[in-house]
Structure formats: C-alpha cells, structure tokens
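Following: one structure in structure tokens, then a few remarks.
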Amino acid sequence: MKNYPFQKIEKKWTSFWIQKKVFQPDLKKAKKPFYNLMMFPYPSAEGLHVGNMYAFTGSDIYGRFMRMRGNDVFEPIGLDGFGIHSENYAIKIGAHPMKQARVTEKNFYRQLLMIGNGFAWDNRLETYDPEYYRWTQWIFTELFRAGLVSRKKSPVNWCPSCKTVLADEQVISGKCERCDSEVVKKDLEQWFFKTTKYAGKLLDNLDKLDWSEKVKIAQRNWIGRSEGALIKFAVVGFKSPISVFTTRPDTILGATYLVLAPESAVIPDLQKKIKNWGEVKKYVEKAEGKSEAERISEERAKTGVELKGVKAINPVNNMEIPVWVSDYVVEGYGTGAIMAVPAYDERDFAFSEKFGLPVVKAPLIPKEQAIKQIKAKKTVEYRLRDWLISRQRYWGPPIPLVYCEHCAEALKRMTPKQAATKGWTKGEIENSGWIPVRAKDLPVVLPYVKNFRPTGSGESPLASLKNFYEAKCPRCGKTGHRETDVSDTFLDSAWYFLRYPSVNDKSLSKRNAFDPKLTKKWLPVDMYLGGAEHAVLHLLYSRFLTMALKDLKHIDFEEPFTVFHAHGLLLKNGAKISKSKGNVINPDDYIKKFGADAFRMHLMFLGPLEEGGDFRDSGIVGITRLLDRVWNFALNFKPGRRTGLSEWLNSSIKKITKNISDLRYNVAISELMVIMNKFSERPDEVTKKDFETFVLLLAPFAPFMTEEIWQKLGNKPSVHLKSWPSFRESAVGSGSFEMVIQVNGRVRDRVEAEAGIDAKEAEKIALGRPKIKTLLKGAKPIRVIFVEGRLINIVA
RNA sequence: GCCCAGGUGGCGGAAUGGUAUACGCGUACGACUCAAAAUCGUAUGGGGUAACUCGUGUGGGUUCAAGUCCCACCCUGGGCACCA
C-alpha cells in the first residue's frame, strides 16, 4: 500500500489548470452560462479561516458538478478588503491599511489557490482597487441623482469603539456588528440610501426566490410589514392634530390616552401649552442619551411623563384624553405616536398600571367600519429603516459629493420645478448645495493619510486634509468642500457580483461598471452560497441595489441571486471556533499534512453543508484511508470482466447525483466509499468504464487525485471538463431481491425472491416459510400487504 | 415573549410512511511483524444461553406498518425583540 503523494501532484495540476485556463470560461461565447458564486471573504485576519475553506469547498463542488453536467461555469473570486473590518485589523497590528492590503491579498490568494477551487482567476477583483471603487462611487452618484440618497438629521447608532455611525442592520442586539461594543444613539446629520422605498418589493419578491427558507423568514421579519390606519386626534386649543398609526383601529373606543416618542417633533411644537415643560424636557433628554442596551436591560419597565395642559380628542366619542411621552414608543416607526388601548395591548396595560391610568374594556368595532367612522387613512407600515451609508472612517471609498454654497444659493432662488427644467437632478434639488462628482472625474481617490485612525469627533480623518476637502464644485466650478466621510463597506459588497464578468477587460472597465452584453448573459447569479448571518445585511443591501439599478435602467433584472443557500457553521469539537477560545484551525497545516483533496473531503464529510459540521482531527483518517485505497487501486488496476457490478453502479450514480444537487455532500461521499468497498471486494469484476465512472464521480471532491488518475488511465486532461456519468431513473427489474417478511408489522424473516414477483406469489412464498408457519399457528391471514421489490406484511 | 432549525449507538451522522443505526471515527479480537506503526479481516445499540424482547427527547393518536404524519409537552441551537 503506497501513500498518495499529494504534494507533487497538487503542484503539477495547479500550474496545469492555470496555464491551460481550464476553469476560465469564454465569457462572451459561452453557450450555457452558469454563474456559481460564494460570498467573497474579507481579508482582515491572519489568513483564511477554516470556515471560509469550508464554504468555498462547498461552493466549488457544486460548480464542478455543474461544469461536468455541461454548463459553462463561471466561478470568480475576489477580496472584500475595503472597510472597517480590514481597517480595524490594521490598527490592531499597527500597520497602515493601504500597505496591509497588499500583504493580506498575497496570502489570501495563495491559500485560495491551494484548496484547488476552479476559480476564474482572470476575473478577480479587490474592493479597495481604485478601478473598482470608482464604480462604487459611480453607483452612489447615480442613486443620488435619482433621488434615492438623502441627508437627514436623526438619532443614529454610534459605536464608541469604532468611532463611527452604523446602519440599523449592523447593530446586533444593541451591539456593534464588528467589535461587539454597546451602541449609543447620537443625533447626527448623515447620508442615507432610501431602502424603505423598496420595502414592498423587497418583501413581495421573496416569495419568488429559491432561497434558504430561514433567510427569507429573517428578511420578512426585518422588513416587518404591518397593515393599519393613520388616525388623527385633534388637540384642544391647538391648530394641528396628532396623527397615530395603529393596526387595531377597531379598538379605538378603548383608547384612553396618547403616547409620543421622546424624539417626536410634536413635543417642541406643543412647548407653549405644556405646563410642566421642565419635567418633560428632562425626560426627553434622558431618554435620548440611553443606549439600546440600557433600554433592554431595564426589562421594559415603563417610564414616562404626562404633558400637562395638553388634551387630545378621541374622534369616535369626543372624549378628552391625556397625552404622555414615553420611550416605549419609538420615533421612526409609524408616526412616532400611538393611541394607547390598555384593555387590548400588553404594553399599554403595563404603562397604565404603573401610572394609574384608566383601562376601558370598550366594545370592538369591525375594522372597516371603524376606519370609515373616524375617517382614518388605511396605510402599510414597514419596520425597515433607510440604510445609513456614511462612515467617519478612513479605509473606504470617499463619498463622491461636493458641497457648494453658490449652488445652494442658486437653488434657493428657484422652485424645485424650475430647477428641474434647468437640469438640476432630483438629488441635487432635495439636498440643496450637494453636487455629485461627474463620472469622468471618478474615482475620488482615497489619499494616503499617515494618521488614519478614527478621530471620534464625528468626522472622518479625511477632514484634516485641506488639499482633499477643498474642491471645485462639479456644477459651477467655484470652490466648495468635499464630503469627507467614506461609504459603508456593505456598499462595496452590494454590487461586486455585477462587476466580476466585466472586470478583466481593461478597455471596457474605463467606460462601464458592467458591460451590458456580459451582464445580460451571466446575471443574475445562478447559485449563491454564503453565511446566513448576512440575511439582513449583505443579502438585503444587494437586493435593494439591484432593484435601484434596474429602475435606473442599468440592468434588466431586479433580483441578484436566483438561488441562495446558506452554509452551516463549522464547529471544533462541539464548540464555536474563536480566537478567544484558542481553538482556531489553521487550514495551511492540514493541507500540508494531509493534502488539499483530503482536507476538502474531510470538511464535506462532517455533515450536510447547510447544517454545518463538527471538525474533529480524528475523523480525517477515514478520508485519507479512502484516498490511499483509491490511489492504490488505480496503480494496480487491471480491467476486469463485465458483470452485475455495472448494473449496481447505476443506483450509486443516481444517489450521488441527487445528493450533490441537494448539497448533501456527506451522503455523496459515503456512497463513494460504498463503491470503493465493493471494488476492493471484487477487483477483477471492475471494468475500465466502471473505474472511470468512479473517478468522474469523485472528481468534484478530490480534483487533484482524480486528474492524475484520469491521465494514468490513458485519458487526456482535464477530467473536470468531461461529462458527468449518466444513469437510468428506474432500476432494471432483473435478478433477485431480499424480501422482508413481516407479521403484524414486525420483521420475522427474510428470503431471496425473484425480482418480478406479484403479491400472490410473494404470499405463497411467505406462508411456506417454516418460521412464519410456526408464528401463525395455522391462523389465516386477515390481510396481506405487498410492497414491490421490498417486503410483505401479513396481518393475522 | 414571538419565529425558525433540530433532539437517532461511545462519537460525526444515514434512512421516497415499508429491513432503524448506511458510511466513517472509535473500541475489541485476529492476520502480517522480532516488535510497533501502517495495512488487511471479523465483531460492535441495550437485555437474554436462546426463542425472543426493549429501543430514534417525553406522553398520547392515526396506520397493516411511524425516526418520518397529527396533537400536547420537555430540552438544545439560532434569529428577532416595547414596531403599536
């Protein structure tokens, strides 16, 4: 028994594949394009995490399978190396992110080459490459011009450790998605993408997508659609009413007070009427300073202050009811004001209990009737918020806007309509004075800044560079100042899949973010694989951006990923892998020791890809044993005579094909083991074709060894471009089967029977068995159930 | 609290309502060896000498037949969380 010399063979085929561009499809001429993609990694750590290897291998096996099934598979790779994660890592190790990027890039590509994936290396991209981010900035300006970007002052999430604002999606249970610090609220003016404009479409389209169900559910919950009504409550002695949103207009008779969010603009408006203004002001200020975590830690104990002197009128019965302010009502959802119905709402009930407010169990009215009676307006509300895109950091694409006072002044002298006819864009009119940099002047290059660390002042480090922020207005040419914030990393990754097909054509890249023809041919992505943790981050942002780009007529589809599957989590000895636990697995060590094929197969054998697996060192020998056996079988192979083995192989091909399609690679591998066991038992019955079939079935899992064996068998490389073995759906009914004989549902006997027999014949055989005779003691069967080719059950 | 996913040998995990524990790890014994490793072979859910019997988180139910379907509950993992 010889050990498989993986080092030599891996080296040989790695260079062969690259030289011959085996996995580089002709993007223009491909007949059956299949875009197979795994979420690209962010190179923030020492090297590729074993979790990345796990996911990439899972994706690659699918890609190789689809290639052998006759598709032109495009499997690109790149790095998401721009942004806060890479910058934080650079800070941690005391390097400059611009220099560090080159170091990590080299290491990541080395590792990604090692695992033997069929990547289209010519199309790789890095998000920090100015040739890439010029188009990230271009997308920003396109959305800006179309009125999908707005500058708003609002209470936003601020991470005190990362010293920047964050989007809602990047706050996980009150903590920063990157560094786990508690996030606080700050009132700041920031740039937002209007994701809420697409809330309805983002939700409705989910039904049409072939995605992991849990991810769709997470998105549905995040978007949070509620049908309800807006109800106006007049305020005694005040001109404008207070508008509330409710999903239960039918409970209006039980509405005994109103509650406003502390941030509600209605409160300052009512200042003159509020008799206890000092107390109210104090409460509002305190509530605004609370962090998310603080609000949670208070276990929902209700606090609040009555706005004394303010009375609202319940429109259904004209009762005067008090108005309160409390932080259990949130600004930014509905109108930031509610009607409290303590008899029908738990939270309102708790509040009433605490402050001794009346609980009126009033009769309910049918919803439609209630809406009509109080002249309410039916509406749909979404939980989804706009995407906060500004970051007060260094390592990202500068937001390509210039503020120009002259243009702001000019706009003031026009109505929006007039401005529009004069060629001002929607975004420029909405955000007076802000002018996007023209496409031909992009990219706005990120300058080298020695002191790149975040300042914490609410401004990016770029704000300290006069020669950066001083800029000519793209519209009037007078001196203005640049926006100095950079954009969110998630914007970089929200469109990279659009860029891949177009990336290697350098002449093209100067003109287009994505070539229309190539985009039409290759997109949307046919198979996307990645982590479920991106359910409401990357996956939602990408969907939004794709919809926006479609509406701007840059692409002709609105969903980026036709199929998406989430891979599971890889554990080590039952525990989560983390640096703090010290159980990090370095893939390099394993590949060096066992070879890439063994490492790939070991990872995939742990469990179904979508459920993850538990990595234990002990298990890998099962795979190396298999590979050594295959290798030795190949070395000693002498073609055998054709027998029943070929027939039996048919069902194995069928099983393996089905299990790969379902991403159940663990079961496919076990079936490969079954075949090898059978081959070892009866080596002189294995024909050349049988063995070649096996090699083809093994190829997606062990790309290096199978390539070598394929050549040893006298075939031309590459095995990975050959056709997947075919199979017949139904087994040919020949020979015999083991018939199980049950009595009252219990297995009592087994007998070899002819394949084609019917129920009557089966019954005759069964009743003739001595064991069954004894059991029945002469009793006549009440009923006999026969399952063809499997079993017979005698009910007595 | 709500919403998902899941509880199967010592372990990772298989099982179109039809032979529970495939495949692999581990363990035991045997072969080879001076010996060990590697490799190969055999066995391996519990109880029982055996016939047999009990077994897929718990308790019910449907069915000729339930790990699989239905009802109730327990536990674990994940997500959301004062969204009116």
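Note on naming: letters A, B, ... go to the chains in the order of the sequence lines (proteins, then strands), and numbering restarts at 1 for each one. What you see below is based on every heavy atom in this structure, not just the backbone, and it leaves out hydrogens, waters and symmetry mates.
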Between [X] and [Y], is any side-chain donor less than 3.5 angstrom from a side-chain acceptor?
{"X": "A:R383", "Y": "A:N221", "value": "no"}
{"X": "A:Q219", "Y": "A:W211", "value": "no"}
{"X": "A:T196", "Y": "A:R385", "value": "no"}
{"X": "A:T303", "Y": "A:Y283", "value": "yes"}
{"X": "A:Y4", "Y": "A:N632", "value": "no"}
{"X": "A:Y257", "Y": "A:S352", "value": "yes"}

For nucleotides 62-66 of chain B, print each protein N/O atom paired with a nucleotide N/O atom at under 3.5 Å, atom names and distance only.
residue, atom, partner, partner atom, Å
B:rC64, OP1, A:R783, NH1, 2.9
B:rC64, O2', A:N793, ND2, 3.4
B:rC64, O2, A:N793, ND2, 2.6

Nucleotide [N], atom [atom2] - distance to [atom1] of [X] in whole Å:
{"X": "A:Q219", "N": "B:rC80", "atom1": "CD", "atom2": "P", "value": "13 Å"}
{"X": "A:Y54", "N": "B:rG12", "atom1": "OH", "atom2": "C1'", "value": "12 Å"}
{"X": "A:D662", "N": "B:rA14", "atom1": "CG", "atom2": "P", "value": "12 Å"}
{"X": "A:M673", "N": "B:rG13", "atom1": "CE", "atom2": "P", "value": "15 Å"}
{"X": "A:I623", "N": "B:rG26", "atom1": "CD1", "atom2": "P", "value": "12 Å"}
{"X": "A:L626", "N": "B:rC23", "atom1": "CG", "atom2": "C1'", "value": "10 Å"}
{"X": "A:K367", "N": "B:rA84", "atom1": "NZ", "atom2": "P", "value": "11 Å"}

**OP:** Quick one: classify the glycosidic conformation of B:rG9 as syn or anti, with syn meaning within 90° of 0.
**Re:**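 Nucleotide B:rG9 adopts syn.
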
In terms of side-chain geometry, is the basic nitrogen of [X] or [Y] positioned less than 4.0 Å from the acidic oxygen of its partner?
{"X": "A:R248", "Y": "A:D250", "result": "yes"}
{"X": "A:K655", "Y": "A:E671", "result": "yes"}
{"X": "A:K197", "Y": "A:D386", "result": "no"}
{"X": "A:D758", "Y": "A:K764", "result": "no"}

Over all strands shown, is [X] touching base, sugar-phosphate only, or nothing at heavy-atom distances under 4.0 angstrom?
{"X": "A:L606", "value": "sugar-phosphate"}
{"X": "A:E738", "value": "base"}
{"X": "A:V787", "value": "base"}

For the side chain of [X], starting at C-beta, report the closest nucleotide among [options].
{"X": "A:V330", "options": "B:rG24, B:rA14, B:rA84", "result": "B:rA84"}
{"X": "A:V674", "options": "B:rC82, B:rG12, B:rC23", "result": "B:rC23"}
{"X": "A:N666", "options": "B:rA84, B:rG24, B:rA14", "result": "B:rA14"}
{"X": "A:Y328", "options": "B:rU19, B:rC82, B:rC80", "result": "B:rC82"}
{"X": "A:P608", "options": "B:rC3, B:rG13, B:rG12", "result": "B:rG13"}

Determine the Euclidean distance between corresponding [atom1] atoms of [M] and [N]; express it in Å to zero decimal places.
{"N": "B:rA51", "M": "B:rC70", "atom1": "P", "value": "37 Å"}
{"N": "B:rG9", "M": "B:rG77", "atom1": "C1'", "value": "22 Å"}
{"N": "B:rU19", "M": "B:rU68", "atom1": "C1'", "value": "15 Å"}
{"N": "B:rU63", "M": "B:rU58", "atom1": "P", "value": "23 Å"}
{"N": "B:rG7", "M": "B:rU21", "atom1": "C1'", "value": "15 Å"}
{"N": "B:rU16", "M": "B:rG26", "atom1": "P", "value": "28 Å"}
{"N": "B:rC23", "M": "B:rC64", "atom1": "P", "value": "33 Å"}
{"N": "B:rU56", "M": "B:rA15", "atom1": "C1'", "value": "11 Å"}

Original post:
What do the steps show when you test A:D617 against A:K593 for salt bridge (Lys or Arg N to Asp or Glu O under 4.0 Å), and what is the final call?
Top reply: CA-CA 12 Å; A:D617 289 349; A:K593 200 168 166 193; over 6 Å; no

Please work out whether the ring planes of [X] and [Y] are parallel, tilted or perpendicular, with thresholds of 30° and 60°.
{"X": "A:W324", "Y": "A:F355", "value": "tilted"}
{"X": "A:H538", "Y": "A:H534", "value": "perpendicular"}
{"X": "A:Y328", "Y": "A:F351", "value": "tilted"}

**OP:** For A:G336 and for A:D614, locate the closest nucleotide of RNA chain B by heavy-atom distance; then report the residue assigned to the nucleotide nearer the 5' terminus.
**Re:**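 Comparing both residues, the 5'-ward one is A:D614.
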
Subject >> Residue met sooner reading RNA chain B from 5', once A:A337 and A:G619 are mapped to nucleotides >> reply: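 The residue whose closest nucleotide sits nearer the 5' end is A:G619.
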
Are any protein N/O atoms closer than 3.5 Å to N/O atoms in nucleotides 38-48 of chain B? If there are, list each pair with its distance.
residue, atom, partner, partner atom, Å
B:rU39, OP1, A:R625, NE, 3.2

Original post:
Can you pull the salt bridge (charged side-chain N to carboxylate O under 4.0 Å, His left out) pairs that have at least one residue in residues 597-615 of chain A, sequence neighbours excluded?
Top reply: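 Sorted result for residues 597-615 of chain A: A:D60-A:R600, A:D614-A:R616.
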
Taking 4.0 Å as the cut-off, does a side-chain nitrogen or oxygen of [X] come that near to OP1 or OP2 on [N]?
{"X": "A:S226", "N": "B:rA84", "result": "yes"}
{"X": "A:Y333", "N": "B:rA84", "result": "yes"}
{"X": "A:R664", "N": "B:rA14", "result": "yes"}
{"X": "A:R383", "N": "B:rA81", "result": "yes"}

Original post:
Can you check whether A:F694 reaches A:F679 side chain to side chain, under 4.5 Å on heavy atoms?
Top reply: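 A:F694 reaches A:F679 side chain to side chain.
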
Original post:
So do the side chains of A:L537 and A:F490 get within less than 4.5 Å of each other, counting heavy atoms only?
Top reply: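 Yes - at least one pair of side-chain heavy atoms lies under 4.5 Å apart.
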
**OP:** Can you sort out which residues in residues 244-255 of chain A have a heavy atom within less than 4.0 Å of RNA chain B? Ascending by number, please.
**Re:**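 Listed by number, they are A:F245, A:T246, A:T247, A:R248.
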
**OP:** Confirm from the modelled atom types if A:K214 and B:rC3 form a donor-acceptor pair under 3.5 Å, side chain to base only.
**Re:**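 Side chain to base: no pair present.
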
Subject >> Derivation and outcome, salt bridge (Lys or Arg N to Asp or Glu O under 4.0 Å), residues A:R225 and A:E227 >> reply: CA-CA 7 Å; A:R225 184 180 196 270; A:E227 275 181 32; 2.8 Å; yes

Original post:
So what does the secondary structure string of RNA chain B come out as, 5' to 3', with Watson-Crick or wobble pairs under 3.5 angstrom, [ ] for crossing and | for pairs with another strand?
Top reply: (((((((..(((.....[....)))((((((.......))))))(((....)))..(((((..]....))))))))))))....

Check the interface with nucleotides 49-54 of chain B: list each N/O to N/O pair with the protein under 3.5 Å, or write none.
residue, atom, partner, partner atom, Å
B:rU53, OP2, A:R748, NH1, 3.1
B:rC54, OP2, A:R746, NH2, 2.9

**OP:** Just do the salt bridge (Lys or Arg N to Asp or Glu O under 4.0 Å) check on A:K378 and A:E368 with the steps written out, would you?
**Re:** CA-CA 9 Å; A:K378 272 200 201 176; A:E368 293 299 320; 3.2 Å; yes

